[in-house]
Student: 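One structure coming up, written as C-alpha cells, with questions to follow.
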Protein chains: 2
Amino acid sequence: MENDVVAKLLSELGHSTRLSVFRLLVKAGPNGLPVGEVQQRLAIAGPTLSHHLHRLIGVGLVRQYREGRTLYCVAQLDPLREVVGFLDRECCTLS
Amino acid sequence: MENDVVAKLLSELGHSTRLSVFRLLVKAGPNGLPVGEVQQRLAIAGPTLSHHLHRLIGVGLVRQYREGRTLYCVAQLDPLREVVGFLDRECCTLS
DNA sequence: CGCATGTTTCGATAATTGTAGAAATATAAA
DNA sequence: TTTATATTTCTACAATTATCGAAACATGCG
C-alpha cells in the first residue's frame with residue numbers, strides 16, 4: 001500500500017461528520033440508506049452531506065444506487081479493511 | 001470510543017508527511033529518532049516538521065525526550081491500537 | 001404536461017491547514 | 001563567555017476545506 005493512499009483514506013474518514021456517516025451506513029447493512037435518511041438522522045444540511053458523501057465515494061468508502069427518485073448509499077468495506085490491515089501490520093508494533 | 005476522538009486521530013495521521021514520520025518512528029523502535037534525523041531522512045524543512053510533530057504529540061501518537069541538545073521522538077502505539085481495534089470492530093463488518 | 005420530491009451544483013464566506021524564512025530559545029562545547 | 005548545534009516560535013501567505021442558502025437538475029406521479 002502506498003503511503004499517500006493510506007493517508008488519503010485516513011484523512012477522508014478523519015472528519016467527524018464523515019465518520020458518522022460511514023458508521024451509520026455500516027450499521028445500515030448491505031442495502032444502505034437513502035441520502036435523505038442519512039441527512040435526517042444526522043441533522044446535516046443537504047449540500048453539506050452531499051459534499052461529504054462525494055468525498056467518501058472518492059476514496060471508495062461509499063457507493064450509491066438509485067431506486068426511483070431515491071438515492072441509496074452503501075458502505076464499502078474493502079478499502080478500509082486494507083488500511084486497517086496495513087496499520088495493524090506496519091504501525092502497531094515497534095520494530 | 002468517542003466518534004470525535006477517533007476522527008481526530010485519523011485526521012492527524014491522515015496526512016502523508018505525518019504518516020511518513022509516524023511510520024519512520026515505528027520502524028525506529030523504542031529509542032526513537034532525533035528530530036534532526038527525521039528531518040534529514042524525510043527532507044522536510046525544520047519548522048514544517050516541528051509543526052507536524054506537535055500535531056502527532058497532540059493526539060498522543062508521539063512522545064519526546066531530550067538527551068543533551070538532541071530531542072528524540074518515539075512513536076506511541078496505544079492510541080493507534082485502540083483506534084484500529086475500534087475500526088475493526090465497528091467499521092469492518094456490515095451489520 | 002405541470003407539479004412534487006429527492007438530491008446536487010453553484011456560489012459565497014469563514015475557518016483551518018500546510019509551508020517555510022527569519023528570528024529566538026535551549027543546551028553543550030571550546 | 002563566546003560559539004556552535006538542535007529545535008522551536010513567530011509570522012505571513014497560499015491552498016484547502018467546511019458550511020449552507022439559493023437555484024438547478026432528476027425522477028416519478030397525477
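Reminder, nothing fancy here: chain letters follow the sequence lines and each chain counts from 1.
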Student: Tell me the closest heavy-atom pair linking B/Pro79 and B/Gly60, and the distance in Å.
Tutor: CG-O, 3.4 Å

Student: Please identify each residue that fulfils side chain to side chain contact (heavy atoms under 4.5 Å, CB included) with A/His15, with sequence neighbours left out.
Tutor: A/Thr17, A/Arg18, A/His52

Student: Any side-chain heavy atom of A/Val35 sitting closer than 4.5 Å to one from A/Ser50?
Tutor: no

Student: Treat primed atoms plus P, OP1 and OP2 as sugar-phosphate and everything else as base, then score nucleotides 23-30 of chain D 5' to 3': B for base contact with protein heavy atoms under 4.0 Å, S for sugar-phosphate contact only, - for none.
Tutor: ----BS--

Student: On the nucleotide D/dT8, are OP1 or OP2 found under 4.0 Å from the side-chain N or O atoms that B/Ser50 carries?
Tutor: yes

Student: Mind running a 4.0 Å heavy-atom check of residues 25-43 of chain A against DNA chain D and sending the residues that fall below it, in number order?
Tutor: none

Student: When the side chains of residues 36-47 of chain B are checked against the rest of the protein, which donor-acceptor pairs come out under 3.5 Å, sequence neighbours left out?
Tutor:
residue, atom, partner, partner atom, Å
B/Glu37, OE2, B/Arg41, NE, 3.3
B/Glu37, OE2, B/Arg41, NH2, 3.0

Student: Applying side chain to side chain contact (heavy atoms under 4.5 Å, CB included), can you list everything that pairs with A/Arg81, at least two apart in sequence or on another chain?
Tutor: A/Leu77, A/Asp78, B/Cys92

Student: What pairs of donor and acceptor atoms, side-chain ones from residues 64-75 of chain B against any protein atom, are under 3.5 angstrom apart with sequence neighbours left out?
Tutor:
residue, atom, partner, partner atom, Å
B/Tyr65, OH, B/Asn31, O, 2.7
B/Arg66, NH1, B/Gly68, O, 3.4
B/Arg66, NH1, B/Arg69, O, 3.4

Student: Got a second to check how far A/Phe22's CZ is from A/Glu12's CD, nearest 0.5 Å?
Tutor: 12.5 Å

Student: Going by heavy atoms closer than 4.0 Å, what residues in residues 12-21 of chain A are next to DNA chain D?
Tutor: A/His15, A/Arg18

Student: I'd like the 5' and 3' limits of the part of DNA chain C contacted by chain B, with heavy-atom contacts below 4.0 Å.
Tutor: C/dT17 to C/dA29

Student: Hey, does B/His51 reach any base, or is it just sugar-phosphate, or nothing, if we go heavy atoms under 4.0 Å?
Tutor: base

Student: Give, for atom OG of B/Ser11 and atom CG of A/Leu13, the distance between the pair rounded to the nearest 0.5 Å.
Tutor: 10.5 Å

Student: Please list all pairs passing the side-chain hydrogen bond (donor to acceptor under 3.5 Å, both in side chains) test where one or both residues lie in residues 85-95 of chain A, with sequence neighbours left out.
Tutor: A/Glu90-B/Arg23

Student: Please list, chain by chain and in numerical order, all residues satisfying side-chain hydrogen bond (donor to acceptor under 3.5 Å, both in side chains) with A/Ser20, sequence neighbours excluded.
Tutor: B/Asn3

Student: Partners of B/Asp4 by side chain to side chain contact (heavy atoms under 4.5 Å, CB included), sequence neighbours excluded?
Tutor: A/Ser16

Student: Return the minimal non-hydrogen interatomic distance between A/Ala28 and A/Leu33, and the atom names on each side.
Tutor: CB-CG, 3.5 Å

Student: I need the CG-C1' distance between A/Leu53 and D/dC20, as an integer number of Å.
Tutor: 15 Å

Student: Would you say a side-chain N or O of A/His52 is under 4.0 Å from OP1 or OP2 of D/dT19?
Tutor: yes

Student: Considering only side-chain heavy atoms of B/Thr70, which listed nucleotide, D/dC20, D/dA18, D/dA6, is closest?
Tutor: D/dA6

Student: Compute the angle between the rotation axes at the two ends of the helix from C/dC1-D/dG30 to C/dA30-D/dT1, each taken over five pairs, rounded to 10 degrees.
Tutor: 10°

Student: Measure the spacing between CG of A/Leu53 and CG of A/Leu61 and express it to the nearest 0.5 Å.
Tutor: 11.5 Å

Student: What are the two closest non-hydrogen atoms of A/Val62 and A/Gln76, and how far apart are they?
Tutor: C-CG, 3.9 Å

Student: Taking the nucleotide of DNA chain D with the closest heavy atom to each, which residue, B/Pro47 or A/Arg55, is nearer the 5' end?
Tutor: B/Pro47

Student: Closest approach of A/Leu10 and A/Leu87, non-hydrogen atoms and distance?
Tutor: CD2-CD1, 4.1 Å

Student: Could you check if a side-chain atom of A/Lys8 sits within less than 4.5 angstrom of a side-chain atom of A/Val59, using non-hydrogen atoms only?
Tutor: yes

